Amino acid sequence: MSVEKRNVVIIGAGPAGYAAGLYAGRAQLDPLLLTGREIGGQLSLTLDVENYPGYPGADAAGLIETMQKQAENFGTEVRIDYVTAVDFGSHPFRLEAESGAEIEAKSVVIATGSSPRQLGVPGEEMVGRGVSYCATCDGFFFREKRVVVVGGGDAALEEGMFLTRFASEVHVVHRRDQLRANVTLQDRAFKNEKMRFIWDSVVEEILGGDEGVYAVRLKNVKTGETSEFETDGVFIFIGHEPNTQLYEGQIELDDKGYIVTDKLQQTSVKGVFAGGDVQDYIYRQAVTAAGTGAGAAIEAERFLAELENRAYPGLTRD
């Protein structure tokens, strides 16, 4: 198989990847977007989206489809394939895909996102039917409902307190008898009348059916006693893992495994850019991911213009 040559290769098919494809396509760079195995990124973990500006629908799958079509309409080739190896040690960069394709790229935009850590218990697959990893995304759908939050760190308390805007009760399940979150967050959570705590317990199973979640099976880690706890939803916040294993030793990662970028979405390797949750562990929103993906594509276009010694008509940095 011959080596395929491209100006821009975008790795990942979430909001960051599609935004990069849109901008690179409009710049007539003939970009190739390799989807990976999860089309839509974090959006694929929810059914409804109501907080993406300009998108009046609520269907997450519809938003993903719209993003893909828009990128394709401007010349992005979206290919269902999975990158298995990269070589950023020399330029042009080299990529290998699961299909056997070998690609030579003048620039690369990484948008492989992050994945929420899972409990690994039965019933967790009911995402969109009561199981969620994003309070900001799905909290609105649990108005006056009773929900469970799993976790004991900053994210669990922050997301749990956000849920109190909508839910009637928020019950935090934690495997220890004290939280790991910072003291200020703990103080705020303990003072919140809607927040309750179930200590020394773990979720062994999420119970539900076609109509959604109705309970969780809990186990007290000290006594071994199990019980069922009725709930309308389960929000799991035990951390995220950036999808960066492919780039270890190739570009700089921080101590959490996220890609280090500057304000221009540039990684430690000139010509390799990153956007979205793969480099942002703070916001993790579709709209912020799309913004950084667009920025990465703009900078890739600028990089190629400098590489080819041609004028770049875009933004100035003065």
Side-chain angles (χ1 to χ4, degrees), residues 12-23 38-71 111-117 126-151 154-170 185 188-189 192 194-195 212-213 232-240 242-243 258 265 275-297:
Y18 284 134
L22 171 61
Y23 274 74
E38 191 175 80
I39 297 176
Q42 294 287 330
L43 285 180
S44 65
L45 298 178
T46 186
L47 291 180
D48 302 300
V49 175
E50 292 188 338
N51 59 355
Y52 194 89
Y55 180 66
D59 179 31
L63 177 57
I64 295 167
E65 183 180 359
T66 299
M67 287 179 170
Q68 178 172 333
K69 285 183 177 179
Q70 190 175 17
T112 45
S114 67
S115 300
R117 291 195 189 108
M126 288 188 286
V127 173
R129 290 184 288 127
V131 174
S132 175
Y133 302 90
C134 179
T136 312
C137 308
D138 299 326
F140 182 78
F141 305 106
F142 291 85
R143 287 169 292 178
E144 299 306 314
K145 303 283 188 179
R146 185 194 214 192
V147 300
V148 161
V149 167
V150 183
D154 289 356
L157 291 197
E158 287 173 349
E159 302 275 0
M161 283 187 284
F162 179 84
L163 287 169
T164 62
R165 301 182 187 182
F166 310 102
S168 57
E169 300 174 21
V170 176
L185 277 177
R188 289 172 54 200
N192 192 309
K194 289 187 177 182
M195 297 277 283
V213 170
D232 300 295
V234 180
F235 287 80
I236 301 166
F237 302 112
I238 55 175
H240 280 73
N243 299 319
Y258 288 85
Q265 307 308 130
D277 293 8
V278 76
Q279 52 87 56
D280 169 29
Y281 56 85
I282 297 174
Y283 298 110
R284 291 198 294 263
Q285 298 297 303
V287 64
T288 52
T292 53

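As the structure is a prediction and not an experimental result, all values here were calculated from the model. Each residue takes its place number in the sequence, starting with 1.
- Taking all atoms of both residues into account, the shortest heavy-atom contact from G151 to A156 is C-CB, 3.6 Å.
- Aromatic ring centroids of F142 and F235 lie under 6.0 Å apart.
- The distance from the CZ atom of R188 to the OG1 atom of T164 is 9.5 Å, given to the nearest 0.5 Å.
- Residue I236 holds its CD1 atom at 4.0 Å from OH of Y133, rounded to the nearest 0.5 Å.
- Within a 6.0 Å sphere centred on OH of Y23, heavy atoms belonging to other residues, nucleotides or ligands number 12 at most.
- Between the OG1 atom in T112 and the CD atom in Q279 there is a gap of 10.5 Å [rounded to 0.5 Å].
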*Given the rule in the side-chain contact (heavy atoms from CB on, under 4.5 Å) test, do I39 and Y18 qualify, once you have shown the distances and angles that lead to the verdict?*
CA-CA 10 Å; I39 297 176; Y18 284 134; 3.5 Å; yes

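- When all heavy atoms of A289 and P15 are compared, the pair lying nearest together is CB-CB, 4.3 Å.
- Applying the salt bridge (charged side-chain N to carboxylate O under 4.0 Å, His left out) test to pairs two or more places apart or on separate chains, those with a residue in residues 155-170 are R146-E169, E169-R196.
- If you check the side chains of S114 and N243, you find no donor sitting under 3.5 Å from an acceptor.
- Considering CD of Q285 and CG of D280, their distance stands at 9.0 Å, rounded to 0.5 Å.
- When the ring-ring contact (aromatic ring centres under 6.0 Å, His included) test is applied to Y281, the partners found at least two apart in sequence or on another chain are Y258.
- Y52 pairs by the ring-ring contact (aromatic ring centres under 6.0 Å, His included) definition with nothing, not counting sequence neighbours.
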*asked:* With side-chain contact (heavy atoms from CB on, under 4.5 Å) as the criterion, how do V150 and V234 come out once you've worked through the C-alpha distance, each side chain's angles and the decisive distance to 0.1 Å?
replied: CA-CA 7 Å; V150 183; V234 180; 4.0 Å; yes

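- Under the side chain to side chain donor-acceptor pair (under 3.5 Å) criterion, S168 pairs with no residue, sequence neighbours left out.
- Residues A294 and A19 share a closest heavy-atom pair of N-CB, 3.9 Å.
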*Could you check F166 against V147 for side-chain contact (heavy atoms from CB on, under 4.5 Å), going step by step and ending with a plain yes or no?*
CA-CA 10 Å; F166 310 102; V147 300; over 6 Å; no

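- Shortest non-hydrogen contact noted between V149 and F237 is CG1-CD1, 3.8 Å.
- Between the T292 side chain and the T288 main chain, a donor and an acceptor come within less than 3.5 Å of each other.
- Within a 6.0 Å sphere centred on NZ of K145, heavy atoms belonging to other residues, nucleotides or ligands number 12 at most.
- For D154, the side chain to side chain donor-acceptor pair (under 3.5 Å) test picks out no residue, with sequence neighbours left out.
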*Mind running side-chain contact (heavy atoms from CB on, under 4.5 Å) on L185 and M161 for me, showing each step along the way?*
CA-CA 9 Å; L185 277 177; M161 283 187 284; 3.5 Å; yes

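- Atom CG of N51 is separated from atom CZ of F140 by 11.0 Å, given to the nearest 0.5 angstrom.
- The salt bridge (charged side-chain N to carboxylate O under 4.0 Å, His left out) pairs that include a residue from residues 282-293 number zero, where partners must be two or more places apart or lie in different chains.
- A pairwise comparison of heavy atoms in S132 and C134 identifies OG-N, 3.0 Å as the closest pair.
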